[in-house]
Amino acid sequence: MTTPDNLSRRLFLQRAAVGTLLATGGSTLLSACASGGSDDSGSGGGGAEQTAENPFGVKSADPLDVVIFKGGYGDDYAKAHEEMYKKKYPETTIKHAGITDITPQLQPRFNGGNPPDVIDNSGASALPASTLATSGQLADLTQLFDAASIDEAGKKVRDSIEPITLEAAQLSGKPLLLNYVLTVYAIWYNKPLFAKNGWEPAKTWQEFLDLCEEIKKTGIAPMAHQGKHPYYIGQVMMDMAVKHGGHDVIKAIDELEPNAWKHESVKAAAEAILEIKGKGYFMQGTEGLDHIQSQTAWNQGKAAFIPSGSWLENEQKPVAPKDFETTAAYTPLLDGSKLPVDCTEIAAGEPFIVPEKAKNKAGGLEYMRIMLSKEAAGKFTELTGSPTVVKGAGEGLKLSPGAASSGALLKSGGDNNWTTYFAAWYSTMDKPIRSVWGELAAARITADEFCARAQKIADDTAKDPKTVKQTRT
Amino acid sequence: MRHGSYRFVASFLAIPLALYAIFVISPFVQAFYYSLTDWTGISPDFKFVGFDNFQTLAHDTVFRQALGHNLILLIGLPLFTIFFALVFAYLLNVGGRANTAGVQGVKGNGFYKLAFFLPQVLAVPVIAVIWSTVMTSTDTGLANSVTKKLGLGTSEFLADPDIALYCVMWVLIWGSVGFYLVLFNAAMSGIPKDIFEAAIIDGAGRLSTFFRITLPLLWDTIQTSWVYLAIIALDAYALVAVMTAGPGGPDNSTQVMGLQIADNGFQYGRAGYASAMGVVLFFLTLIIAAVMLRATRRDRIEY
């Protein structure tokens, strides 16, 4: 095998490999790397005459590319909104995608400078909004909020929506997110079960403990929580802390102030959670259950209360018994609380964004303006059972027990209702804090240890030069 | 080989090599490059930051915890998997009675092979969901009902930070044993039966046949298995992501390097930093594989 024509197998393979690498690698390694080129092709669309009817100057023929997170709310509402857009701009073609893996699908498009025109950036694999904001990839929504509302001549969009939307829109000092859905957090119970036993949601901490004792005697666990996702029980703790110490408690936490987590109200609320666990009021083993397992146990009457947001009723529809009435209750007041009992945490969620480099940015903004009309918002509530941030859009709709009771809590809370941003602003802080809540709810740490560990995470975030700090308006 | 056929063979190799270059080599090279940048993962703009990411990584306590957990898996997984796989394979092959027809495996060994191999056919998430249901933390969970009946008490399994990692390890072992059993079984059937028979005639017991004949003749296969299992142990991402609280919890007790890479790359917007972790993992895997192959080298026995 040594004739000149013969090539040893190894050498041959080597040469073939090098050849292929050169042939393909030349282009692959250099031009098609994952971060893409900084291609500035997005013209932003628009260009038509700007009128009251068409404040962003959308060209009717420009196509619109819409990506919707198809989670708990589905994407039927978005199809309805797209119909409304198409009615106004009949020459357009709309590309609709209802997906759950937002980041894997959209990351390459952002990197390639070719993002969609509107995105519902939600769900477990949502794009990190703060990173997008820092690198200037999101369109400023000021012009949207200052544009005329579709419903009333002379009224601006910003006056037709709940004020929390404007606050929640802020990122890096600019309004960049349109949070469309209004979420009410609460602890939830089954009304018929409580009526049958003569129970009433408790107003004070002592009343709450007495109620739990009474519930426990009947063989039902007083409370379950979604142990695999400890932020649910963390929300209960924070609600009690804010009611005890007032809105300043959560503002200090959101702004990463030193010792914000060591505030006496935070510690008192942490001790309350430890007392629930210590007295055996949590459902046995709830620490290891995910949201579906724990909520299903609650639907089966194994636990009396469960914390969640107002999506709970819709989420549990498939498994809830027919006579089950999902009802919102407030968390009890710790001794010496500053706020009244009938308020709670609210959040404007389901953030919609328009990328700065979108091909039809004007169309994306116009789509948002259509979403914020009463007709579109009413359609959303009708299809999903959840309220939107559009004022008065739910009027006249027939509401389910869950939506009606959370609506009542929203109303009774009024200006006392509070909201928080640290988890959304600082993605590096969100998961570690959840983990500490989990340790607290399992009573593996003391209240002091909880405060110290949470504070350490906040301090690390505050010190991190890569994290852009946000402030509350 | 004539020149024409050289071109003919090359044309066959070009496509697979091109695919390999695009989907394996190129991402590796890119990861090395990005590990030196502050790339967020979702922006075309980024800066070159030198070895900053590696410096931060050296002080990252969570990553160190994750590394520790991977090392526990690295020791436990190959050890138990290979032990169980060897024992079962030996029983299936020569565990039965020796009679005039020679040495045989236990009765119904085809069925056992199938049963053991089954987990290999299931997708990892399916295995994760099955086992997290079995290991439910409530007293009424499947595993707890059984242990309670047996008087062993109950456990919170994945919700208990002291044992959560070992629960994950158990599922890894359970999922791997079948494949290595079949592998060892095939290697054992390759050993001529007359060697065993000669040993038995010489009066060797089952145990000494195993240690003096089977094990030395299987050494190459075991060595390869060890390296494969070590690579699985350095990953473990999928099981941890599906099974554990958080995931990676409770209290980071099941954090693994793969999960840290995913968290940093896709949730914290730190793709550059995650790439640095990937580079560290790459070298760790390389070193461990090399050390294992070197340390366990034996002379090959021909038969």
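Source: prediction; values computed, not measured. Quick note on labels: first sequence line is chain A, next is B, and so on, each numbered from 1. Atom set for the values below is all heavy atoms of this structure, side chains included, hydrogens, waters and symmetry mates excluded.
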Chemist: Counting heavy-atom pairs closer than 4.5 Å to chain B, which one of Thr428(A), Leu127(A), Asp430(A) comes out on top?
Modeler: Thr428(A)
Chemist: Just checking, is any N or O donor in the side chain of Thr446(A) or Asp448(A) under 3.5 Å from an acceptor N or O on the other one?
Modeler: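 Not at all, the side chains of Thr446(A) and Asp448(A) share no donor-acceptor pair under 3.5 Å.
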Chemist: Dump the intermediate steps for ring-ring contact (aromatic ring centres under 6.0 Å, His included) on Phe32(B) and Phe28(B), then the final yes or no.
Modeler: CA-CA 6 Å; Phe32(B) 277 83; Phe28(B) 267 113; 7.3 Å; no
Chemist: Go through Asp60(B) and Tyr273(B) one step at a time and tell me if the side chain to side chain donor-acceptor pair (under 3.5 Å) criterion holds.
Modeler: CA-CA 11 Å; Asp60(B) 188 331; Tyr273(B) 190 49; 2.7 Å; yes
Chemist: Assess whether side chain to side chain donor-acceptor pair (under 3.5 Å) is satisfied between Asp459(A) and Gln455(A), documenting all intermediate values.
Modeler: CA-CA 6 Å; Asp459(A) 289 344; Gln455(A) 189 58 45; 2.8 Å; yes
Chemist: Is chain B contacted by the side chain of Glu439(A), its backbone, both, or neither, given a heavy-atom distance below 4.5 Å?
Modeler: side chain
Chemist: Between Arg453(A) and chain B, which part of the residue has a heavy atom less than 4.5 Å away: side chain, backbone, both or neither?
Modeler: side chain
Chemist: With a 4.0 Å cut-off, would you call Asp52(B) and Lys47(B) a salt bridge?
Modeler: no
Chemist: Just checking, Lys466(A) and Tyr268(B): is the charged tip under 6.0 Å from the six-membered ring centre and within 45° of the axis?
Modeler: no
Chemist: With a 4.5 angstrom heavy-atom cut-off, which part of Asp263(B) approaches chain A: side chain, backbone, both or neither?
Modeler: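 The answer is the side chain of Asp263(B).
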Chemist: Can you see whether Gln30(B) engages Ser26(B) through a side-chain donor-acceptor pair at a distance of less than 3.5 angstrom?
Modeler: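 Present: a donor and an acceptor within the cut-off.
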Chemist: Chain B: which of Lys431(A), Arg434(A), Arg109(A), Gln293(A) shares the most heavy-atom pairs with it under 4.5 Å?
Modeler: Lys431(A)
Chemist: How would you list, in number order, the residues of residues 233-247 of chain B that have a heavy atom less than 4.5 Å from chain A?
Modeler: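 Residues in range: Val242(B), Met243(B), Thr244(B), Ala245(B), Gly246(B), Pro247(B).
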Chemist: Below 4.5 Å, heavy-atom pairs only: which of Ser132(B), Gly269(B), Pro161(B) has the largest tally toward chain A?
Modeler: Pro161(B)
Chemist: For the residue pair Ser122(A) and Pro351(A), establish whether any side-chain heavy-atom pair is separated by less than 4.5 Å.
Modeler: yes
Chemist: Name the one of Gln226(A), Lys228(A), Lys277(A) that satisfies side-chain hydrogen bond (donor to acceptor under 3.5 Å, both in side chains) with Glu287(A)?
Modeler: Lys277(A)
Chemist: Do you know which of Pro250(B), Gly249(B), Gly41(B) has the most heavy-atom pairs under 4.5 Å to chain A?
Modeler: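 That would be Gly41(B).
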Chemist: Of the non-hydrogen atoms in Met283(A) and Ala297(A), which two are nearest, and what is the gap between them?
Modeler: CE-CB, 3.8 Å
Chemist: Contact part of Asp460(A) toward chain B, heavy-atom cut-off under 4.5 Å: side chain, backbone, both or neither?
Modeler: neither
Chemist: Looking at Ser427(A), Gly438(A), Pro104(A), Pro115(A), which makes the most heavy-atom pairs under 4.5 Å with chain B?
Modeler: Ser427(A)
